[in-house]
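Below you'll find the structure, written out as structure tokens, and then a few comments.
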Amino acid sequence: MAAHRKSAHRKPKQRPFTGPAARTAATLALAGAATATSATGAGAAPAEPAPTAAQVRAKVDRLYHDAEVATEKYNGAKEKEAAATKAVDTLADEAARRTDRLNTARHALGSMATAQYRTGALDPAVQLALSSDPDSYLERAAHLDRAGDRQASLLSNIRRQLSGIARVKARADQETEALAARRAELDKHRTAIRTKLADARTLLATLTAAERAVYERSADAAHGGSPATSADGSTTGPDRAVAGAHADRSAPRASVAAPNSRAARAVSFAHGAIGKPYVWGATGPGAFDCSGLTQAAWKAAGVSLPRTTYTQINAGQRVSRSELAPGDLVFFYSGISHVGLYIGGGQMIHAPRPGAPVRIAPISQMPFAGATRVA
């Protein structure tokens with residue numbers, strides 16, 4: 001009996017799971033382990049791998065290109081802002097002139113009304129009856145009639161002046177609104193340029209000195225020059241910049257003659273600008289951006305070009321790449337965001353990017369988009 005009770009309280013021996021039960025148990029065990037692991041590592045995201053030097057260089061190049069696109073948009077917005085400012089000023093001057101004429105007419109009308117008040121107290125028939133010299137009175141009355149006609153004319157003129165001033169003020173209000181919009185657009189593009197250049201500087205600062213040297217050599221080769229740039233986008237020192245400028249100036253000039261004297265003057269101006277710094281929005285004489293350089297070169301030749309790349313391409317006759325002659329404008333990228341001045345022999349003079357001064361470069365180094373012959 002005791003033995004029976006003892007055996008009754010023994011823990012039954014557990015048999016290992018087999019078949020479906022075993023698979024279910026394994027699944028539960030794995031799920032529990034995964035839960036424990038996720039709980040232990042909650043909030044700990046895997047670290048992003050640092051970009052390679054090649055990736056940094058590619059992104060810097062994109063940022064410089066994007067900054068140049070924004071620069072051309074800035075140039076276009078600045079041109080429109082200048083036109084809107086001129087329109088507002090012109091309308092303000094016109095309103096002031098019209099107001100002066102209105103005040104003159106009002107003064108004349110006031111003087112006439114005062115004179116009539118002083119002499120018009122009696123009815124004209126009574127004045128005639130009491131006059132000792134009826135003939136003289138009738139002559140004065142005729143003058144009064146003519147004065148009445150002049151008064152009516154003055155009143156009509158005043159009404160026209162008031163209406164004209166109202167129209168001018170309405171146009172001025174519209175132009176002022178347009179000017180505010182142009183200035184907002186200008187600020188937007190200015191901010192975009194500064195942001196992209198700052199991002200490029202930040203990325204370049206992550207490269208080692210050796211990686212940076214490799215980038216500068218490749219960038220200079222792509223743009224046809226030698227001066228390197230510092231992390232803030234400026235040249236790495238006056239000696240490097242001057243050396244690069246001298247190297248470019250000493251490059252042989254194209255053996256192909258310019259098609260006319262104006263093209264020759266434009267090319268000569270561009271040669272004289274070699275070594276001057278790239279500054280976005282600049283049109284010379286001490287610094288240039290790409291379209292500012294071509295505009296200034298042709299201005300020196302007596303030809304007025306529009307301000308931006310995407311308007312300069314329509315400023316003359318389109319020519320094919322095989323027909324290029326010195327003085328032609330050569331454009332690059334699908335968005336027509338860069339321009340240079342062709343000098344012959346497959347070469348151009350252009351303002352490449354921040355930190356890279358005006359220089360000679362092969363036109364084959366960038367995606368060719370078209371060319372225009374100005375004159």
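What's counted below: heavy atoms across the whole structure, side chains too, no hydrogens, waters or symmetry copies.
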- Message: Could you walk me through whether R307 and E79 satisfy the salt bridge (Lys or Arg N to Asp or Glu O under 4.0 Å) test, starting with their C-alpha distance in whole Å, then the side-chain angles of each, then the deciding distance to 0.1 Å, before giving a yes or no?
- Response: CA-CA 7 Å; R307 178 63 182 92; E79 198 171 41; over 6 Å; no
Going by heavy atoms in the side chains, are [X] and [Y] under 4.5 Å from each other?
{"X": "R321", "Y": "S364", "result": "yes"}
{"X": "L91", "Y": "E94", "result": "yes"}
{"X": "V358", "Y": "H271", "result": "no"}
{"X": "L341", "Y": "L293", "result": "no"}
{"X": "V330", "Y": "F368", "result": "yes"}
{"X": "T71", "Y": "Y278", "result": "yes"}

Minimal non-hydrogen separation, [X] against [Y], with atom names:
{"X": "L179", "Y": "E81", "result": "CD1-O, 3.6 Å"}
{"X": "F269", "Y": "A297", "result": "CD2-CA, 3.4 Å"}
{"X": "T283", "Y": "A296", "result": "O-CB, 3.7 Å"}
{"X": "R182", "Y": "A84", "result": "CG-CB, 4.4 Å"}
{"X": "C290", "Y": "A351", "result": "CB-O, 3.7 Å"}
{"X": "L324", "Y": "R373", "result": "C-NH2, 4.0 Å"}

- Given side-chain contact (heavy atoms from CB on, under 4.5 Å), test V214 with R57 step by step and report yes or no. CA-CA 9 Å; V214 169; R57 292 195 297 267; 4.2 Å; yes
- Task: Let me see the working for D61 and H65 under side-chain contact (heavy atoms from CB on, under 4.5 Å), right down to the final yes or no.
- Result: CA-CA 6 Å; D61 285 340; H65 177 256; over 6 Å; no
Using a 3.5 Å distance criterion without hydrogens, assess whether the side chain of [X] forms a donor-acceptor pair with backbone atoms of [Y].
{"X": "K276", "Y": "P285", "value": "yes"}
{"X": "T372", "Y": "N314", "value": "no"}
{"X": "S268", "Y": "A264", "value": "no"}
{"X": "W280", "Y": "Y74", "value": "no"}
{"X": "Y342", "Y": "G346", "value": "yes"}
{"X": "E177", "Y": "Q174", "value": "no"}

If we ignore angles and hydrogens, is there a donor and acceptor under 3.5 Å between the side chains of [X] and [Y]?
{"X": "S291", "Y": "E72", "result": "yes"}
{"X": "E323", "Y": "S320", "result": "yes"}
{"X": "S163", "Y": "R167", "result": "yes"}
{"X": "Q312", "Y": "T294", "result": "yes"}

Grouping I, L, V, M, F, W and Y whenever their side-chain heavy atoms are under 4.5 Å apart, do [X] and [Y] come out in a common cluster?
{"X": "M366", "Y": "V69", "answer": "no"}
{"X": "V279", "Y": "I274", "answer": "no"}
{"X": "Y64", "Y": "L207", "answer": "yes"}

- Task: Begin from the C-alpha positions of E175 and R171 and carry the test salt bridge (Lys or Arg N to Asp or Glu O under 4.0 Å) through to its verdict.
- Result: CA-CA 6 Å; E175 291 294 342; R171 285 164 51 203; over 6 Å; no
What's the separation between atom [atom1] in [X] and atom [atom2] in [Y], rounded to the nearest 0.5 Å?
{"X": "K78", "Y": "T308", "atom1": "NZ", "atom2": "OG1", "answer": "14.0 Å"}
{"X": "R353", "Y": "L63", "atom1": "CZ", "atom2": "CG", "answer": "12.0 Å"}
{"X": "N75", "Y": "Y310", "atom1": "CG", "atom2": "OH", "answer": "7.5 Å"}
{"X": "D289", "Y": "Q295", "atom1": "CG", "atom2": "CD", "answer": "9.0 Å"}
{"X": "L329", "Y": "I313", "atom1": "CG", "atom2": "CD1", "answer": "9.0 Å"}
{"X": "I193", "Y": "K188", "atom1": "CD1", "atom2": "NZ", "answer": "11.5 Å"}

- Determine, stepwise, if the pair V374 / D328 fulfils side-chain contact (heavy atoms from CB on, under 4.5 Å). CA-CA 7 Å; V374 178; D328 290 347; over 6 Å; no
- Message: Quick one, M348 with V339, criterion side-chain contact (heavy atoms from CB on, under 4.5 Å). Give me CA distance, side-chain angles, the key distance, then yes/no.
- Response: CA-CA 9 Å; M348 67 177 172; V339 62; over 6 Å; no
- Query: Aromatic rings H338 and F332: how do their planes relate, parallel, tilted or perpendicular, breaks at 30° and 60°?
  - Reply: tilted
- Task: Take R190 and D187 through the salt bridge (Lys or Arg N to Asp or Glu O under 4.0 Å) test and state the conclusion after the steps.
- Result: CA-CA 5 Å; R190 183 188 291 113; D187 288 340; 2.5 Å; yes
